[in-house]
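Letters go in sequence order (proteins before strands), and every chain restarts at 1. Values below: all heavy atoms of this structure, side chains included; hydrogens, waters and symmetry mates excluded.
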Amino acid sequence: MTQSSTQPGTTADVEEALPAFRYTATLAADIERRWQDRWESEGTFHAPNPVGPLAGPVDDRPRVFVMDMFPYPSGSGLHVGHPLGYIATDVFGRFSRMAGANVLHTLGYDAFGLPAEQYAVQTGQHPRVTTESNIATMRQQLRKLGLGHDPRRSISTIDPDYYRWTQWIFLQIYNAWYDEDAGKARRLSELEAEYASGQRPTPDGRAWSALSGVERAELLDAKRLAYVAEAPVNWCPGLGTVLANEEVTADGRSERGNFPVFKRNLRQWMMRITAYADRLLDDLELLDWPEPVKLMQRNWIGRSHGAHVDFAVSGVEGASVRVFTTRPDTLFGATYVVLAPEHPLVERVVAGAWPEGVDERWTGGAGTPREAVEAYRTRAARETEEERTSDTREKTGVFTGTYAVNPMNGKPLPVFIADYVLMGYGTGAIMAVPAEDTRDYDFAEKFGLPIVRTVQPPEGFEGGAYTGDGATINSEFLNGLSRVEAKERAIARLEELGSGSGTTTYKLRDWLFSRQRYWGEPFPVVYDEDGRVVPLPDSMLPVTLPEVSDYSPRTYDPDDAESMPEAPLSRAAEWLEVELDLGDGPKTYRRDTNTMPNWAGSCWYHLRYVDPVNTEQVVGPENERYWMAPRGGDDTVGGVDLYVGGVEHAVLHLLYSRFWHKVLHDLGYVSSSEPYHKLFNQGYIQAYAYTDERGVYVPAAEVEEQDGKFLYHGSVVNREYGKMGKSLKNSVTPDEMAETYGADTLRLYEMSMGPLEVSRPWETRAVVGSFRFLQRLWRNVVDEASGTTVVSEEPADEELRRLLHRVIDGVRADYAALRFNTAGAKLIELNNALTKRGGPAPRDVVEPLVLMLAPLAPHVAEELWARLGHEGTLAYEPFPEADPALLVEETVTCVVQVAGKVRDRLEVPPSITEDELRELALATEGVRRTLGERGVRTVIVRAPKLVNVVPA
RNA sequence: GCCCCCGUAGCCCAAUCGGCAGAGGCAGCGCUCUUAAAAAGCGCCGAGUGUGGGUUCGAGCCCCACCGGGGGCACCA
């Protein structure tokens, strides 16, 4: 926060006064640059593959595949929050390497994206130019952090050699279908063969040979996992593109830009992710992921088991209302039925006149049901979706004058229309069970409808809808059953009666895969003169983007719901029309003017990291097996060993990526059935920001704290807490931290701030603590004045060795469990012990200390290791191992409690028996004094560490 | 409204199985070095764990309720 001009080691004239070999920022910079150059020129972090261009000796080392979530190369530069996860994965990767593993760790760029395109729209600069320059800047910034990446594997999604395979995967998905019986995707050619042989009957029973070419194509198209459909999509005029459901917020706006989104029917590419709903849900169990992320995916997929139930409508021949319910167990509690106002059945069921004695509340004040219904429908049509789904509004609706029949008991149920039932959900009609559904309860209360409890609420239940579990009541043959049992029995009865069937529904919808954008992957298909899709052969990939003069899609007034998408590619006339010979001789085809969404490239990059320069295959099977195959035991799905990133990708990226990976698995291209085995959500580094009395942000670096107040140039400012960024004037960059202290200090500090998963505030003035530690360690090896190595060759004494081995033991466990904050603390503790001891530090302690520090602060560790007389990098030096003999204490402090309060302590051998310890404890002064005249009820002994005497 | 996560010293954070509340760092204070200041070094100071109950010989840890902070979902039938 407060930054004076006299930070350690920055000012030249200060440095003159310092010892020549003190570990200053200048010295750190020199060390860091030297080692970064050396790692690069020696290929220190190249990870060998078993086969292919990157093949090398993999020996029988265990594999560890570490990944960071794909960054978008932003032009605005990094702040200290960005590399938090990258440093963490690097520490883990470096530790794993020293622990003997072959470690695959690299970082590529998710480089298609809106910012570069928007910049192109504004300036006319090609997004590729912008993006490549941003990547170069980001690479340079990250290089200064000393990340142990394999640079040969750093790919970028805008690279034609990369998106060639994105397009190839698209075609595999296009040419696949989901075989429900096999529970997996298969090639479409197999479906065609089954139809042709008659093994699989066609939907209308005609022989395959009797179908026309177009009919056959349509049958196959209907099954494809990637398909073109006229579908209601989220059209966002303000952005000029359509959006996936996941990109639209709950209040019907674009996640990016916050523009209104409208439902439009448009022909677009869709991905049949719904075919995988069950597996995406069920396989979550097999993943080592944070529970909240699993929960979010479960909610998003939204599987619910229930039933479709048909309610016959009395007086209307052949009409029945089909509803979906998740609670068929409550059918006896249904007391009315509601149709959405737009429901097509409304016309048919509306009665000619009100029944005798109709409740006035039900009529909307109209003379006939038809008038009431028409008035209500007109009103509902005028309302926006947002208004209709607002949860605070009063329930409204009108009676249709008609009754439906409950199939369970033949009771008549009045049929209403009400806007709280939406045409877009389920069947657009519900059976209302007010006793067990809060919305239905509110409606029933207002309209004076009966409320019949069918689930026994717990004692003391206050009233209202009871949505919890309980025994079924008032339900004839279901009485006494649990919810699950009652559901099963009710469904069985419905099926017997022919009035319904058990059904599973999902909230998950198919994935809208077209975007009206320039800066994305073109679709590897063309359209013939009839507008039919023709996939391009592999030999024509990649389909590259044409040069255009205008990068913008046509955008409209954000509220112009009637506008139509117009993609930038539609203006590239020469690219659009293409003459190709696709087997029927040269013909003119038309290309697809849409591009793929940003998620496409990030759906499979883990596979390309494994085999980045394979020109023959998306990934070599042997290499994929080596790095990603299931390990056996608990691991039946395989995947990346550690995947670190923010929780914001919980649904979108992680769901799409799992889907693609499963398709590739089903089609036999990969052995793993999940992309990311272990997921870890890092916290964020946040920062304080300050506003003056006008509410304008002032530079946080110039704010000073005084007596609990925050002063900017003398005047009091208001403190806020939030994201780090330019607009809040509170950014701190890794570059400035590296300049002031060195990258090792920055790495160490970021890892020391707390557990990786926890968000924490950045505090610049605290960084110096990590710096001081490195200085003290440096001084334990190097004489500051002469630069000579000063360690002692005398073996360390027993006490120090015991401490060393305790630290080794703890640090190893900490690193393995990603507890880098406590690992760092233990290293400081050991170094402090060396310092406190005085005199030259013994080599047999210093060397393991340097090795243990290496994952956190690799440059200074390499430098010290070299000064200690070793040649070559320490990156592959075995990580120190604790000697179990030295972990056993000679004596243990035993706590002696009376009634749970500490009253005395004993020094005892760790091997002491319970009986011996009990005797010793009862004899202590503390116990005798505290106990006084009271007797002893019982004595709890936890040898050798604790005795608790319980007085009578 | 429902669901999930988190509350330990002025601040960031430790605390294996329920067993002495403190590993580490920042800040503060004192001292050493220094003409002085900074840097560096050495030392000191510090909470009874958000609140109220419960279980237990014993609770920061387990259970219940509440308060505060963060996140997700939301008329999903």
Side-chain angles (χ1 to χ4, degrees), chain A residues 4-11 14-15 17-19 22 24 250 290-293 295-296 299-300 302 304 306 323-327 338 388-393 395 418-422 424-433 437-440 442-443 467 505-507 647-648 650-651 683-684 686 705 708 721 748-749 752-755 757-770 772-773 775-776 779 784 807 810 813 819 821-829 832 835-836 893-902 905 937-940 942 945-951:
Chain A
S4 66
S5 56
T6 47
Q7 286 292 351
T10 43
T11 319
V14 165
E15 208 144 288
L18 292 175
R22 170 161 293 182
T24 60
E291 272 312 312
V293 175
L295 193 66
M296 279 188 255
N299 288 342
W300 190 263
S304 52
V323 307
F324 174 75
T325 175
T326 54
R327 299 293 305 272
V338 187
R388 283 182 61 171
T389 55
S390 149
D391 57 354
T392 48
R393 63 185 274 130
K395 292 282 181 288
D419 65 3
Y420 82 94
V421 174
L422 302 174
Y425 290 128
T427 61
I430 61 158
M431 64 174 213
V433 186
D437 182 289
T438 47
R439 294 154 299 168
D440 297 345
D442 295 344
F443 191 87
T467 54
T505 60
Y506 303 88
K507 209 168 91 181
V647 72
E648 69 271 17
V651 174
Y684 301 102
Q686 297 182 295
E705 184 177 354
Y721 183 54
L748 192 61
Y749 175 66
S752 308
M753 290 170 76
E757 66 272 23
V758 171
S759 292
R760 57 315 269 287
W762 178 262
E763 193 179 6
T764 294
R765 67 177 181 181
V767 181
V768 71
S770 299
R772 287 179 190 148
F773 161 54
Q775 283 188 327
R776 286 199 298 272
R779 249 194 310 271
E784 286 190 335
V807 168
R819 292 189 302 253
N821 53 330
T822 50
K826 289 180 175 81
L827 297 177
I828 293 172
E829 197 183 349
N832 286 352
T835 307
K836 193 169 275 186
T893 306
C894 174
V895 178
V896 183
Q897 301 177 335
V898 178
K901 298 265 186 297
V902 181
R905 289 183 173 79
R937 173 141 60 109
T938 177
V939 181
I940 289 139
R942 294 280 178 274
K945 296 190 75 172
L946 179 129
V947 177
N948 186 13
V949 181
V950 185

Residue matched to [N] through Watson-Crick or wobble contacts both under 3.5 angstrom:
| N | answer |
| --- | --- |
| B/rC44 | B/rG28 |
| B/rC17 | none |
| B/rG52 | B/rC64 |
| B/rG1 | B/rC73 |

Got a list of protein N/O to nucleotides 55-62 of chain B N/O distances below 3.5 Å?
{"residue": "B/rC57", "atom": "O2", "partner": "A/N948", "partner atom": "ND2", "Å": "2.1"}

Looking at [X], does any N or O in its side chain come under 4.0 Å of the phosphate oxygens OP1/OP2 on [N]?
| X | N | result |
| --- | --- | --- |
| A/N299 | B/rC3 | no |
| A/R776 | B/rA39 | no |
| A/R22 | B/rA40 | no |
| A/K507 | B/rC73 | no |

Less than 4.5 Å apart, side chain to side chain, heavy atoms only: is that true for [X] and [Y]?
| X | Y | value |
| --- | --- | --- |
| A/R22 | A/R779 | yes |
| A/V768 | A/Y749 | no |
| A/I430 | A/R439 | no |
| A/I940 | A/Q897 | no |
| A/C894 | A/K945 | no |
| A/E291 | A/L295 | no |

Would you indicate what [X] reaches in the nucleic acid, counting non-hydrogen atoms under 4.0 angstrom: base, sugar-phosphate, or nothing?
| X | value |
| --- | --- |
| A/L946 | base |
| A/D437 | nothing |
| A/A766 | sugar-phosphate |
| A/P755 | sugar-phosphate |
| A/K826 | nothing |
| A/T505 | nothing |

How far does the [atom1] atom of [N] sit from the matching atom of [M], given to the nearest Å?
| N | M | atom1 | value |
| --- | --- | --- | --- |
| B/rC20 | B/rC61 | P | 13 Å |
| B/rA9 | B/rC5 | C1' | 24 Å |
| B/rC45 | B/rC29 | C1' | 7 Å |
| B/rG46 | B/rG10 | C1' | 10 Å |
| B/rU56 | B/rC66 | C1' | 23 Å |
| B/rA36 | B/rU32 | C1' | 15 Å |
| B/rC17 | B/rC6 | P | 15 Å |
| B/rA74 | B/rG68 | P | 25 Å |

From the set [options], return the single nucleotide nearest to any side-chain atom of [X].
| X | options | answer |
| --- | --- | --- |
| A/N821 | B/rC26, B/rA14, B/rC75 | B/rA14 |
| A/T822 | B/rC26, B/rG24, B/rA14 | B/rA14 |
| A/Y420 | B/rG24, B/rC20, B/rC75 | B/rC75 |

- Run the side chain to side chain contact (heavy atoms under 4.5 Å, CB included) check on A/V895 and A/V947 step by step: do they pass? CA-CA 6 Å; A/V895 178; A/V947 177; over 6 Å; no
- Message: Does A/K395 contact B/rC75 through a side-chain donor or acceptor facing the base, at a distance under 3.5 Å?
- Response: yes
- Item | Candidate pair A/Y506 and A/W300, rule ring-ring contact (aromatic ring centres under 6.0 Å, His included), full reasoning | CA-CA 9 Å; A/Y506 303 88; A/W300 190 263; over 10 Å; no
For atom [atom1] of [X] and atom [atom2] of [N], their distance in whole Å:
| X | N | atom1 | atom2 | answer |
| --- | --- | --- | --- | --- |
| A/L748 | B/rC26 | CG | C1' | 14 Å |
| A/E291 | B/rC4 | CD | P | 11 Å |
| A/D419 | B/rA77 | CG | P | 18 Å |
| A/Q775 | B/rG25 | CD | P | 14 Å |
| A/K836 | B/rG41 | NZ | C1' | 13 Å |
| A/R819 | B/rA23 | CZ | C1' | 13 Å |
| A/I828 | B/rC26 | CD1 | C1' | 12 Å |
| A/E648 | B/rG72 | CD | P | 10 Å |

- Message: Among residues at least two apart in sequence or on other chains, which ones pass ring-ring contact (aromatic ring centres under 6.0 Å, His included) with A/Y684?
- Response: none
- Can you name the residues that form a ring-ring contact (aromatic ring centres under 6.0 Å, His included) with A/F443, not counting sequence neighbours? A/Y336, A/F416, A/Y420, A/F447
- Message: Applying salt bridge (charged side-chain N to carboxylate O under 4.0 Å, His left out), can you list everything that pairs with A/R760, at least two apart in sequence or on another chain?
- Response: none
- Query: More 5' along RNA chain B: A/M296 or A/F324, using each one's nearest nucleotide?
  - Reply: A/M296
- Message: Closest-nucleotide mapping onto RNA chain B: is A/L295 or A/V767 further toward the 5' terminus? I mean the 5' end.
- Response: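 So the residue in question is A/L295.
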- Given A/T938, which of A/V949, A/V950, A/N948 fulfils the side chain to side chain contact (heavy atoms under 4.5 Å, CB included) condition?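 When A/V949, A/V950, A/N948 are each tested with A/T938, the side chain to side chain contact (heavy atoms under 4.5 Å, CB included) holds only for A/V950.
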- Item | A/T893 to A/R905 - nearest heavy-atom pair and separation | CG2-CD, 4.0 Å
- Message: Side chains of A/S304 and A/T326 only: does a donor on one sit below 3.5 Å from an acceptor on the other?
- Response: no
Short heteroatom pairs, N/O only, protein and nucleotides 28-36 of chain B, under 3.5 Å:
none

- Based on the glycosidic angle (syn within 90° of 0, else anti), state the conformation of B/rG46. anti
- Task: If the glycosidic angle is within 90 degrees of 0 it's syn, otherwise anti, so just tell me which one B/rC4 is.
- Result: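 Because its glycosidic torsion lies more than 90° from 0, B/rC4 adopts the anti conformation.
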- Query: So A/M431 and A/F324, side chain to side chain contact (heavy atoms under 4.5 Å, CB included) or not? Walk me through it.
  - Reply: CA-CA 8 Å; A/M431 64 174 213; A/F324 174 75; over 6 Å; no
Pick out the pairs of N or O atoms, protein on one side and nucleotides 9-12 of chain B on the other, that lie under 3.5 Å.
{"residue": "B/rC12", "atom": "O2'", "partner": "A/M753", "partner atom": "O", "Å": "2.8"}

- Query: So, does A/D440 use its side chain to make a donor-acceptor pair with the main chain of A/V433 at under 3.5 Å?
  - Reply: yes
